There are 2 protein chains.
Amino acid sequence: MLKISELSAKVGLSAHTLRFYEKNGLVNASVRSESGYRYYNDADVKRVEFVKSARNIGFSLDDISTLLSIRVDKQSHSCQEVTDITQNKLDEVNSKIAELQSMQKILQILLDSCCGGPENAIHCSIMEALEDHEIQSPHEGVS
Amino acid sequence: MLKISELSAKVGLSAHTLRFYEKNGLVNASVRSESGYRYYNDADVKRVEFVKSARNIGFSLDDISTLLSIRVDKQSHSCQEVTDITQNKLDEVNSKIAELQSMQKILQILLDSCCGGPENAIHCSIMEALEDHEIQSPHEGVS
DNA sequence: GTTGACCTTAGACTTAACTCTAAAGTTTAT
DNA sequence: ATAAACTTTAGAGTTAAGTCTAAGGTCAAC
């Protein structure tokens, strides 16, 4: 059984974060000492590691809550529920990538167009591009 | 001279946002009526449009403050100052893209590995991947 | 038997860029 | 002259995922 700082060292999440996860219903210590200290058993550690893996992929804590509830009763849940969550996350990631790529493209064009030297900025083509109405908002409706 | 709601309609930013920008030193109405109403002249409108263009590319309000201060005295600033800001933004965008692409890759692998059907999740390969320690955190030190 | 390291809680703070509210004053249209 | 529509301000709320603090209790070592 691990105390919170031991678990923290083992999984690489701060004790604060572990308590925060508990407050949000993700992981709790299955044992408390008389004085209230948290003690984590092997199953608790596995659960924390599951949360950490899911965080590393980019799942939100909300997603992870759902994944955890599937995890504790896999019998009653389908693969489709799991792929739905995963697909939604992938869609979100893809649209963020698209948005960033459109910024990337414009930034690169701006950089290519400007001398970038010690000349004063009176004829700076980046400033000109920002002043003229050349720049449209990338896909506003995507969230 | 435009009132705030007219400017709002013209540039597509809410009156709230325009006041917020003013509070943060980005744009203010160069004229106030006796009763305190904001009135924006052509130069103000241009400035707001500049801010909007810069926002659309993804510059932070902090970056935009700097760009605006260059804009009002281009004589005293160099193209290099402008390209530095732009290059920093591009670097940031590129590293976010890289991070998202590494998530994307893993999510795609997970989706490809799972049947996604109505079967129960006892042998779900996505759940298994999250339970085993297959998933590493993407570049933690990149910010 | 006391120092120092650890643990507890509730709750405030952080970031960025808004977004909204309340309470009051102003302008416009009829 | 009055109702509707607009404006003002200060300040609170939003989001996500922590991060930190204060004030106190506990445990291990010497």
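All values derive from a computational prediction rather than experimental measurement. Below, chains carry the letters A, B, ... as their sequence lines are ordered, and counting in each starts from 1.
If you take CG of A/Leu2 and P of C/dC6, they are 15 Å apart, rounded to a whole angstrom. Between the CZ atom of B/Arg38 and the P atom of D/dC6 there is a distance of 17 Å, given to the nearest Å. Going from atom NZ of A/Lys23 over to atom P of D/dA16 covers 15 Å, rounded to whole Å. Regarding A/Lys89, its NZ atom lies at a distance of 11 Å from the C1' atom of D/dA16, rounded to whole Å. Between the CD atom of A/Glu34 and the C1' atom of D/dT26 there is a distance of 13 Å, rounded to whole Å. The distance from atom CZ of A/Phe59 to atom P of D/dA17 is 13 Å, rounded to the nearest whole Å. Here D/dG18 presents its P atom at 9 Å from CG of A/Asn24, a figure rounded to the nearest Å. Rounding to whole angstrom units, CD1 of residue B/Ile4 and C1' of C/dT27 are separated by 16 Å.
Distances were taken from every side-chain heavy atom of B/His16 (C-beta onward) to each of C/dC20, D/dT19, C/dG25; the shortest belongs to C/dC20. Looking at the side chain of B/Arg55, the nearest of the listed nucleotides D/dG18, C/dC18, D/dC27 is C/dC18. The side chain of B/Arg32 approaches D/dT9 more closely than any other nucleotide in the set C/dC7, C/dT27, D/dT9. Relative to the side chain of A/Phe20, the nucleotides D/dG18, C/dT27, C/dC6 differ in distance, and D/dG18 lies closest.
One finds a side-chain N or O of A/Thr17 lying less than 4.0 angstrom from the OP1 or OP2 phosphate oxygen of D/dT19. Side-chain nitrogen and oxygen atoms of A/Ser14 include none within less than 4.0 Å of the OP1 or OP2 phosphate oxygen of D/dG18. Side-chain N/O atoms of A/Arg19 include none lying less than 4.0 angstrom from OP1 or OP2 on D/dT21. An OP1 or OP2 oxygen of C/dC18 is reached within less than 4.0 angstrom by a side-chain nitrogen or oxygen of B/Tyr21. Contact annotation: B/Ser5 side-chain N/O to D/dT7 OP1/OP2 distance is under 4.0 Å.
Exactly one of A/Thr17, A/Leu2, A/Val51, A/Val48 qualifies for a side chain to side chain contact (heavy atoms under 4.5 Å, CB included) with A/Val11. That residue is A/Val48.
Nucleic acid contact for A/Ser60: sugar-phosphate only, since backbone atoms but no base atoms lie under 4.0 Å from a heavy atom of the residue.
With rounding to the nearest 0.5 Å, the separation of CG in A/Leu90 from CD in A/Gln87 is 5.0 Å.
Positionally, the nearest nucleotide of DNA chain C for B/Leu13 lies more toward the 5' end than for the other of B/Lys3 and B/Leu13.
Put simply, the side chain of A/Asn24 never gets that close to the backbone of A/Leu26: no donor and acceptor are under 3.5 Å apart.
Across all their heavy atoms, B/Asp44 and B/Tyr40 have their closest contact at OD2-CA, 3.4 Å. The two residues A/Ala129 and A/Leu110 have their closest heavy-atom pair at CB-CD2, 3.5 Å.
For B/Tyr37 and D/dC6, a side-chain-to-base donor-acceptor distance below 3.5 Å is present, hydrogens and geometry of angles not being considered.
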